[in-house]
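Here's the structure, in structure tokens; my notes come after.
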Amino acid sequence: TLECFAIDLLDYVLFKSQSAPLRNALIKAGIGADVSSSFDTGLLQPWWNITVTGSEPENTDKFRKVFVDTVKDLIKNGIDKELLQAGFNITEFKLREADFGQAPKGLIYNIQLMKSWLYDGDPLQQLRYEPLLSEIKDKIGTDYFEKLLQKVLLDNPHKLLFTFKPDDKIAAENEKKLTELLRKKKEALSAQE
């Protein structure tokens with residue numbers, strides 16, 4: 001759909017480009033060592049994942065504030081149209097050239113087909129990108145992307161913020177449990193076994 005295509009473009013512009021304003025704001029604020037993102041359209045309900053690595057749980061509120069303030073600033077002052085155009089050009093080139101890196105084209109096309117076909121949609125919908133390219137290109141000079149950011153990042157009630165904290169003792173505990181389990185199994189074996 002147009003919205004998914006536009007969010008995918010925003011994902012590149014805000015997080016993956018060299019000038020990625022949201023990624024750079026989070027890193028500059030010292031929230032974590034790196035910020036990455038992905039937008040997954042292969043599900044009935046697509047989702048946008050933003051990951052901060054090398055951070056601490058106590059940075060959660062700081063993350064939320066910097067994230068929301070940066071998004072509000074982008075909505076108020078506009079996303080750099082040159083950055084949107086550059087992201088669009090990269091996307092268009094990849095689609096037209098079928099540039100999937102090392103992956104075979106046929107495999108990627110089949111994965112694309114399944115994104116709608118699995119949910120009783122038109123399987124070829126995912127391969128018809130010309131109308132989407134044309135429509136997105138026309139929206140670059142408008143406030144469409146800012147309104148989309150407002151809708152999917154600020155007004156969306158379906159958000160989740162969670163942290164993973166590594167347990168530096170888990171490997172040793174698992175090793176101890178395995179050693180004990182193997183010891184018990186060995187003791188239960190007969191001499192012949």
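Considering Ile7, Leu154, Asp143, Leu74 as possible partners of Leu149, the one that fulfils the side chain to side chain contact (heavy atoms under 4.5 Å, CB included) test is Leu74. Tested against Leu26, the residues Asp34, Thr70, Val66, Asn59 include a single side chain to side chain contact (heavy atoms under 4.5 Å, CB included) partner, Val66. Of the residues listed (Phe15, Phe39, Phe145, Phe5), the one engaging Leu10 in a side chain to side chain contact (heavy atoms under 4.5 Å, CB included) is Phe145, and it is the only one. A salt bridge (Lys or Arg N to Asp or Glu O under 4.0 Å) with Glu146 is found for exactly one of Lys139, Lys72, Lys81, Lys151, namely Lys81.
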Open item on the list: Please determine whether side chain to side chain contact (heavy atoms under 4.5 Å, CB included) holds for the pair Val152 and Trp48, giving the CA-CA distance in whole Å, both sets of side-chain angles, and the decisive distance to 0.1 Å.
Closed with: CA-CA 9 Å; Val152 300; Trp48 199 352; 4.0 Å; yes
- [ ] Go through the steps for Phe88 and Val13 under the test side chain to side chain contact (heavy atoms under 4.5 Å, CB included), then give the verdict.
- [x] CA-CA 9 Å; Phe88 173 82; Val13 168; over 6 Å; no
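Taken from OG1 in Thr41 to CD in Glu3, the straight-line distance is 12.5 Å, to the nearest 0.5 Å. Atom CG of Leu160 sits about 10.0 Å away from atom CG of Asn49, to the nearest 0.5 Å. With values rounded to the nearest 0.5 angstrom, Leu132 atom CG is found 11.0 Å from Asp8 atom CG. To the nearest 0.5 angstrom, Leu107 atom CG is 10.5 Å from Gln112 atom CD. Here the OG atom belonging to Ser38 is positioned 6.5 Å from the NZ atom belonging to Lys16, to the nearest 0.5 angstrom. We find the CG-OH distance between Leu84 and Tyr144 to be 11.5 Å, quoted to the nearest 0.5 Å.
No more than 12 heavy atoms of other residues, nucleotides or ligands lie within 6.0 Å of NZ in Lys186, so this atom counts as exposed by the packing criterion. Within a 6.0 Å radius of CD in Gln18, no more than 12 heavy atoms belonging to other residues, nucleotides or ligands are found. Atom CD of Glu187 has more than 12 heavy atoms from other residues, nucleotides or ligands within 6.0 Å. The number of heavy atoms from other shown groups lying within 6.0 Å of CG (Asp120) does not exceed 12.
In this structure, Ser55 and Gly32 approach most closely via the heavy-atom pair CB-CA, 4.1 Å. Heavy-atom minimum distance, Leu9 versus Gly87: CD1-C, 3.2 Å. Taking all atoms of both residues into account, the shortest heavy-atom contact from Pro57 to Lys165 is CG-CD, 4.0 Å. Arg23 and Val35 make their closest contact through NE-O, 3.2 Å (heavy atoms, listed as atom of the first residue, atom of the second, distance). Pairing each heavy atom of Asn24 with each of Ser19, the nearest pair is ND2-C, 3.6 Å.
Looking at heavy atoms from C-beta onward, Ser17 lies in side-chain contact with Leu83 at the 4.5 angstrom threshold. Using a 4.5 Å cut-off on side-chain heavy atoms (C-beta onward), Ile108 and Lys105 make no contact.
The same ILVMFWY cluster, assembled from side-chain heavy atoms under 4.5 Å apart, contains both Ile50 and Leu161.
A salt bridge does not link Glu180 to Lys176: none of the charged nitrogens lies less than 4.0 Å from a carboxylate oxygen.
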